[in-house]
Structure formats: C-alpha cells, structure tokens
Amino acid sequence: MKKKMCTIITSILLVFIIIASNAYAENNKKVVLFVTNTMNYSDLTHMTSVKKLIDTGAIGLMNTRTAGKSDMYKSCVTIGSGTRAEASYNTIKSFAIDDKIKGIYKRRTGIELDKSGIVNIDMARLINLNIEGEYGAVSGEIGKTLHDQGKKTAVIGNGDVEDSYLRLGSLIAMDENGYIDDGYIESDILIDDNDYPFGMKTNYKFLVSKFKDLYNKNDFIVIDIEDMARLEKYKVNLSEKMYERMNEQMIKDIDLFISDCLKEVNLENTRLILLNPYAKTTDIKNGNILTPLIMVGDGIQRGILTSATTRREGIIGNVDVAPSIIEYFGGPPKKMSGHPLEIIENNDNLNYLTKLNNKTIAVSEQRYPVLSGFAIFEIFASIIALIMILMKKKINASIFYFFTNILLSTMVVPFVLLIIPLFGTRNLFVTYT
C-alpha cells in the first residue's frame, strides 16, 4: 500500500514539475532581432553562421514598402508599428537617458522620465507626422504592446557617422512614447579603424559582452548592425577594388559577431529574426528591391515564409514582423495592418527563394520599358483609329480590316503581360516579341 501511495505521489509531483516548467518556458520567451541593414542574401549566404540559420529556419523575401517613398527610416518605423509609417531624419534621434535628455524630452512631450533606458527625443514630431500621414500608424506598437504585457525591451548598436546619428534599431524596439528599457547605442560603441569607412567600425567584442547582459535581463532585444550601411554611404569615395575588399572584410566580421551572439542564445525559448530593413542602392537600381528575412528558433521549422498580407509563398511584408513578434509573446496584434508570418515546409528553401527573387527582379527590370512602350503604342493606335473612323469612306476596306486587328491586339497585350512573369525571362527582346 505504501509503495502504491509513493508511486501516486511521485507521479503527481512529476506532473506539477512538467506543468511548472512549461509555464516557465512560456513566460520566459525571448525574441532577438538582428538588423543587418543594406545586406542581401548574397552577402548573408557567405556567412557560415547565417547559412546554418537558413538550413534550419524559415526564410522569405520582405517587401520594404512604407508610407510614401520608402527609405531606411520609414522602413524601421514601419517594422516597429506593423503599419506603413512615416518618418524622416529629424524624427529618429535616440539617446541614453541622462539629465540633459530628460530636460529635452520633457520640454517636447510634457512627460517626465523617472527611469534609465533609451528614448527618442524626436517622438512628438514622429507622432505628428504619422497622424497627418496616409495610414495613421501608431509608432512603437511593438514596444507598447510588450510593455503592456510587462515585458522589457532593449537595443544595442548604431550607424553613427561622425556627428550624424543613425540609431535605426531604436525605431523598432521603442514604445509609443519612444522609450526603451535597456541597451547601449552611444557613439563610443565604435572604434577607430582606418581600413573601414569613415575610419570607424563597430566594436564587436564590446557588443557581444553587452548582448550577454541584455539577453539575460530583457525579453525583446534588437541588435543594430550598421557597418554595411556606412560602407554604402562611403562607396562614392572608393575604387571598386577597395569597396569589394571592405565588403568582404565586413562579412567576415559580422559573421563572427553573429556566431558569438548565437552561443548565448537558447533557441528552445527564443525566436531569432534576422532582417534587412532597406536594400543596397545598387540592388534597388537593378530591381532587387525585396530584402532577406530569416527566422529560427522556438516553434520554427525549415521552410519558406508567407502571410495573409501578400498571399504569396516566399514573399512577406515589413508590416508582418510586428504582428509575428506580438503573437509569439501570446498577445493579439492590435492596430496593425500586417499579419503574423506563416511557414510552408520546404527543405530546399534557399534555392526556391533564389529562383523566386530572380523572377521578381525580371518583372521589376522590364516593368517600366514594357509598360511605357505599350502606353506609347496605345496612344498612336488610338490617334490612327480616330483618323480612320473620320475618313472611313476614303480608306480601302482591306487596310481598315488590317488596322481593326491591330486594335484588337491591344486587348490581348495586358493578358500577355500578366502571364510573362511565369516564364521568368529577363530578356527584354523576348518579352516584346
């Protein structure tokens, strides 16, 4: 009898332990978001650490559309809002909170800061810009929702250049007041290096040590990697050889940094996202406007990403990032136009996405010349048709019949343009013929 009672008690204790451990794991969820600005899949697949993430996670091509003409500021605010948002250079200045920053912030917002952390001192201007904007985005929706849930946010890294501040990660992590609980974004995170653009680079060893501390204390951590963005700004000063050399060195440095950070991450209770908010200038010119997003960790299987926003396998919106993070933490996304990301299982995800991107680039490259050519053709055809109608009695019937067929062809062209992308041709001559 005693033996049976001990067995029952032991079983009950095991059940309680399992329930308690599951509850702890549920409440101890974390999201780590790497912002690899102006990097594409070609750059990322040269990194051993990222290649491993792609092999085990879900990947997609992210549409970076924002309110109005897109730029890196708007894209980051859009990611943090879950709705296409407005932003500009004079709405993004974030700093560690000290007495001076407290004074500036209170003067502009009327809010007294009584805690440490990081704050966007331009938040009032950013809010007003979006109130007047087309989509009425609520800036900082990720941070607001997580703060409402009792979660803590953090950001590290910057893209500062000399006296110019660029702290894009803050735009993603902040709440509706521009506030972030923890982090390190000051300019002394940079070190002198004459082999890097502007003679400066990110102190990656220091960044790793900061990440270790922030990961243990916070729930949502944004890591802003901006050396590549500095290279894009500095590119006009470089020969092609020097640009390639710097690009190659940065890929190695960032690869090692991501690898060191991953050693501190427990993927059993952490979801890791790596994304690029804005494409390289050369990529945009070449029609390569979709940027990479990689998701690995808790609850993620190998495959390709999709969402109800795009309804296309492999293509997602930047507005989908915020709802996905909020959903993972257990809260329903509110005031967001985006939708949580979904995964379609695919063991050849990178090859699938590469082919998809090539088709997308082909469409983008040919859109302007084909549509403008068709528009010109339509104008001339309409003018000639009007003349022929007015002079119908003086025109030979065979010529009139021939031109009628040409007019009918203008109705076929739109249908042809719809199905051409299915063939993935990048030859403009083939498209026209």
J.: Verify side chain to side chain contact (heavy atoms under 4.5 Å, CB included) between E232 and Y243, making sure each step is shown before the conclusion.
T.: CA-CA 9 Å; E232 289 302 302; Y243 173 81; 2.7 Å; yes
J.: Would you say N203's side chain and I191's backbone share a donor-acceptor pair under 3.5 angstrom?
T.: no
J.: Give the minimum heavy-atom separation between A85 and V77, together with the two atoms involved.
T.: CB-CG1, 3.6 Å
J.: Can you tell me how far the CD1 atom of I59 sits from the CG atom of L274, to the nearest 0.5 Å?
T.: 11.5 Å
J.: Just wondering, do T48 and S259 contact through their side chains at under 4.5 Å, heavy atoms?
T.: no
J.: Go through the steps to decide whether K235 and T282 satisfy the test side chain to side chain contact (heavy atoms under 4.5 Å, CB included), and finish with yes or no.
T.: CA-CA 11 Å; K235 186 176 180 180; T282 50; 3.0 Å; yes
J.: So which heavy atom on I258 is nearest to which on F34, and how close?
T.: CG1-CE2, 4.1 Å
J.: Please identify which of these residues, T36, L44, N276, N349, meets the side-chain contact (heavy atoms from CB on, under 4.5 Å) condition with I294.
T.: L44
J.: Can you label the angle between the F206 ring and the Y184 ring as parallel, tilted or perpendicular, going by 30° and 60°?
T.: perpendicular
J.: Apply side chain to side chain contact (heavy atoms under 4.5 Å, CB included) to the pair N120 and S170, showing each step before the final yes or no.
T.: CA-CA 8 Å; N120 179 359; S170 302; over 6 Å; no
J.: Is Q301 atom CD crowded by more than 12 heavy atoms from other residues, nucleotides or ligands, each under 6.0 Å away?
T.: yes
J.: Below 4.5 Å, heavy atoms only, C-beta onward: do S337 and R84 meet side chain to side chain?
T.: no
J.: Within the distance-only criterion (no hydrogens, no angle test), does the side chain of T64 pair as donor or acceptor with the backbone N or O of Y278 below 3.5 angstrom?
T.: no
J.: A side-chain contact here means heavy atoms from C-beta on lying under 4.5 Å apart; do R167 and D160 qualify?
T.: yes
J.: Measure from NZ or CZ of K100 to the centre of the six-membered ring of F95 and say whether it is under 6.0 Å with the direction within 45° of the ring axis.
T.: no
J.: Any heavy-atom pair between the side chains of D175 and T153 that's under 4.5 Å?
T.: no
J.: Relative to F220, does K151 satisfy both conditions: NZ or CZ under 6.0 angstrom from the six-membered ring centre, and within 45 degrees of the ring's axis?
T.: no
J.: Hey, does M39 have a side-chain heavy atom less than 4.5 Å from the side chain of I254?
T.: yes
J.: Does the salt bridge (charged side-chain N to carboxylate O under 4.0 Å, His left out) test come out yes or no for R230 and D227, once each step is laid out?
T.: CA-CA 5 Å; R230 290 191 191 91; D227 278 336; 2.5 Å; yes
J.: Answer yes or no: are there more than 12 heavy-atom neighbours, outside K102 itself, under 6.0 Å from its atom NZ?
T.: yes
J.: Judged by atom type as modelled, is there a donor-acceptor pair below 3.5 Å linking the side chain of T91 to the main-chain atoms of A87?
T.: no
J.: I'd like to know if the side chain of N286 reaches the main chain of N288, judged simply by a donor and an acceptor atom lying under 3.5 Å from each other, with no hydrogens or angles considered.
T.: no
J.: T309 and G338: which non-hydrogen atoms are nearest, and at how many Å?
T.: OG1-CA, 3.8 Å
J.: Begin with the C-alpha distance, continue with both residues' side-chain angles, and end with the deciding distance and a verdict on side chain to side chain donor-acceptor pair (under 3.5 Å) for Y328 and D298.
T.: CA-CA 9 Å; Y328 176 66; D298 185 17; 2.7 Å; yes
J.: Establish, from distance only, whether the side-chain atoms of Y215 and T270 form a donor-acceptor pair under 3.5 Å.
T.: yes
J.: Between T310 (side chain only) and I315 (backbone N and O only), is there a donor and an acceptor less than 3.5 Å apart?
T.: yes
J.: Side-chain contact test, heavy atoms from C-beta onward, threshold under 4.5 Å: evaluate it for S307 versus L341 and give yes or no.
T.: yes
J.: More than 12 heavy atoms of other residues, nucleotides or ligands under 6.0 Å from CZ of R65: yes or no?
T.: no
J.: Working to the nearest 0.5 Å, report the span between CD1 of I104 and CD1 of I121.
T.: 5.0 Å
J.: Can you see which heavy atom on P333 is nearest to which on P323, and at what distance?
T.: CG-O, 3.7 Å
J.: Which pair of heavy atoms, one from T45 and one from I54, lies closest together, and at what distance?
T.: CG2-CD1, 4.0 Å
J.: Are the side chain of Y41 and the backbone N or O of T291 linked by a donor-acceptor pair below 3.5 Å?
T.: no
J.: Find out whether L305 and I343 are in side-chain contact, i.e. whether some heavy atom of one side chain is under 4.5 Å from a heavy atom of the other.
T.: yes
J.: Verify the neighbour count for atom CG of N351: are there more than 12 heavy atoms of other residues, nucleotides or ligands below 6.0 Å?
T.: yes
J.: Please say which of L231, V161, L190 ends up in a side-chain contact (heavy atoms from CB on, under 4.5 Å) with F198.
T.: V161
J.: Keeping the roles fixed (side chain from D348, backbone from Y352), state whether a donor-acceptor pair exists under 3.5 Å.
T.: no
J.: For E226 versus N158, what's the shortest heavy-atom pair and its separation?
T.: CB-O, 3.4 Å
J.: Show every salt bridge (charged side-chain N to carboxylate O under 4.0 Å, His left out) that has at least one partner inside residues 200-211, sequence neighbours left out.
T.: K201-D253
J.: Any chance you could lay out the side chain to side chain contact (heavy atoms under 4.5 Å, CB included) test for M123 and L126, step after step, and finish with the verdict?
T.: CA-CA 5 Å; M123 199 62 192; L126 180 60; 4.0 Å; yes
J.: Quick check for you: to the nearest 0.5 Å, what is the distance between I142 atom CD1 and I325 atom CD1?
T.: 4.0 Å
J.: Could you tell me the separation between the CG atom of D219 and the NZ atom of K152, rounded to the nearest 0.5 Å?
T.: 8.5 Å
J.: If we ignore hydrogens and angles and just use 3.5 Å, is the side chain of D255 paired with the main-chain N or O of I251 as donor and acceptor?
T.: no
J.: For the side chain of N130 and the backbone of E86, is there at least one donor-acceptor N/O pair under 3.5 Å apart?
T.: yes
J.: Compute whether any side-chain donor of one residue and acceptor of the other, for Y105 and N177, lie under 3.5 angstrom apart.
T.: no
J.: What distance do N37 atom CG and M228 atom CE have between them, rounded to the nearest 0.5 Å?
T.: 11.0 Å
J.: Are K29 and R271 side-chain neighbours, meaning at least one heavy-atom pair lies under 4.5 Å?
T.: no
J.: Inspect the surroundings of CZ in R108 and state if more than 12 heavy atoms from other residues, nucleotides or ligands are less than 6.0 Å away.
T.: yes
J.: So for atom CG, which belongs to N237, do other residues, nucleotides or ligands contribute more than 12 heavy atoms lying within a distance under 6.0 Å?
T.: yes
J.: Counting only N and O atoms by type, is there a donor-acceptor contact under 3.5 Å from the side chain of D122 to the main-chain atoms of K93?
T.: yes
J.: Quick one: SG on C261 to CD1 on I223, what's the gap to the nearest 0.5 Å?
T.: 4.5 Å
J.: Measure up the F257 and Y204 rings against each other and bin them: parallel (under 30°), tilted (30 to 60°), perpendicular (over 60°).
T.: tilted
